[in-house]
Amino acid sequence: MIYPKKNSFIKWFFDGYIDHIVKMNFFSIDFNQIDIDTSRSILLLANHYSWWDGFILYTLNKRLFNKKFHIMILEENSNKVSFFKYLGAFSVKKESRDMVASLNYAASLLNDPGNLVLIFPQGSIYSNFVEKVKFEKGSYKIMIKATAKFSLVYAACFTENFQNKKPSLNIHLILHKQVTGMQNLEESYQDFYQHARAKQTAKII
């Protein structure tokens with residue numbers, strides 16, 4: 001498992017770099033406001049559809065939640081984007097003994113109310129407009145391992161160009177109640193995602 005590393009200078013540099021590339025490549029970033037209990041950590045579950053996802057939600061955290069950002073990424077991707085460990089990334093390796101360590105680490109992060117932990121429950125990249133978001137089991141295991149209360153937030157991200165050369169990014173958010181099982185978690189996210197997807201496709205320019 002690859003753990004996050006602290007380096008103030010590297011974090012400062014790439015924090016500015018992410019701001020720059022996001023502004024250069026997107027026409028706008030829009031999201032709805034949600035009320036968050038600042039005394040709780042945040043578990044953020046989001047759809048995974050592009051290379052941009054981690055950078056996009058890193059930017060969202062800065063603009064809305066202002067928590068210490070952490071993201072679970074596949075170990076092979078962690079090696080490709082090695083600097084992300086200085087921005088809170090930690091790795092998971094599927095079908096390995098290290099996977100348990102990764103899940104335990106993610107759960108432990110939720111015990112600190114200053115933290116945000118981002119998980120992509122699909123485990124792989126899928127189309128931006130899939131009809132069904134299928135979850136792997138890791139996200140629910142993290143939830144039941146966490147000993148502290150946390151806020152469960154769902155995010156659904158969509159990009160559209162419409163009349164602009166650069167795409168606009170729309171992030172739909174909802175604060176969700178705690179769920180009672182893996183199936184309930186997947187179904188509740190699916191309901192939210194379908195609503196967000198219908199809202200997105202109904203946009204008029």
Review point. Going through the checks in order, is the salt bridge (charged side-chain N to carboxylate O under 4.0 Å, His left out) test met by Lys62 and Asp19?
Key: CA-CA 10 Å; Lys62 287 181 61 179; Asp19 279 346; 2.8 Å; yes
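- Annotation: the span from Asn128 atom CG to Arg197 atom CZ amounts to 9.5 Å, rounded to 0.5 Å.
- Paired with His172 under the rule side-chain contact (heavy atoms from CB on, under 4.5 Å), one option of Phe31, Phe158, Tyr193 passes, and it is Phe158.
- Between Ser50 and Ile125, the shortest heavy-atom distance links the atoms N-CG2, 3.8 Å.
- A perpendicular orientation is assigned to the rings of Phe192 and Tyr189, their planes being inclined by more than 60° (bins at 30° and 60°).
- Counting only distance, with no hydrogens or angles, the side chain of Lys166 and the backbone of Met24 share a donor-acceptor pair below 3.5 Å.
- Contact between Glu186 and Val133 at its shortest, heavy atoms only, is OE2-O, 3.7 Å.
- Within the structure, side-chain hydrogen bond (donor to acceptor under 3.5 Å, both in side chains) contacts touching residues 129-139 (residues at least two apart or in different chains) are Lys94-Glu136.
- Residues satisfying the side chain to side chain contact (heavy atoms under 4.5 Å, CB included) criterion with Ser188, sequence neighbours excluded, are Tyr154, His176, Val179.
- Taking all atoms of both residues into account, the shortest heavy-atom contact from Ser102 to Met72 is O-CE, 3.8 Å.
- Nearest heavy-atom pair across Asn104 and Lys145 is OD1-NZ, 2.9 Å.
- Heavy-atom minimum distance, Lys67 versus Thr38: NZ-O, 3.1 Å.
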Enumerate donor-acceptor pairs with a distance under 3.5 Å from any side-chain N or O in residues 107-123 to protein atoms, sequence neighbours excluded.
unit_1, atom_1, unit_2, atom_2, d
Ser108, OG, Tyr105, O, 2.6
Asn111, OD1, Thr147, N, 3.3
Asn111, OD1, Thr147, OG1, 3.0
Asn111, OD1, Ala148, N, 3.1
Asn111, ND2, Thr147, OG1, 3.4
Asp112, OD1, Gly114, N, 2.8
Asp112, OD2, Lys68, NZ, 3.1
Asn115, ND2, Leu109, O, 2.9
Gln122, OE1, His48, N, 2.7

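- Ser28 meets the side chain to side chain contact (heavy atoms under 4.5 Å, CB included) test with Asp30, Ser168; sequence neighbours excluded.
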Practice item. With ring pair (Phe, Tyr, Trp, His ring centres under 6.0 Å) as the test, would you mind laying out the steps for Phe55 and Phe84 before giving the verdict? Key: CA-CA 10 Å; Phe55 300 111; Phe84 223 53; 5.3 Å; yes
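- Note: Asp191 CG to Ile174 CD1 = 10.0 Å, rounded to the nearest 0.5 Å.
- Taking the side chain to side chain contact (heavy atoms under 4.5 Å, CB included) definition, one finds that Lys11 meets it with Asp15, Tyr58, Leu87, sequence neighbours left out.
- With sequence neighbours left out, Lys6 forms a side chain to side chain contact (heavy atoms under 4.5 Å, CB included) with no residue at all.
- Within a 6.0 Å sphere centred on CZ of Phe14, heavy atoms belonging to other residues, nucleotides or ligands number more than 12.
- Across Ile34 and Leu173, no two heavy atoms sit closer than the pair CG2-O, 3.9 Å.
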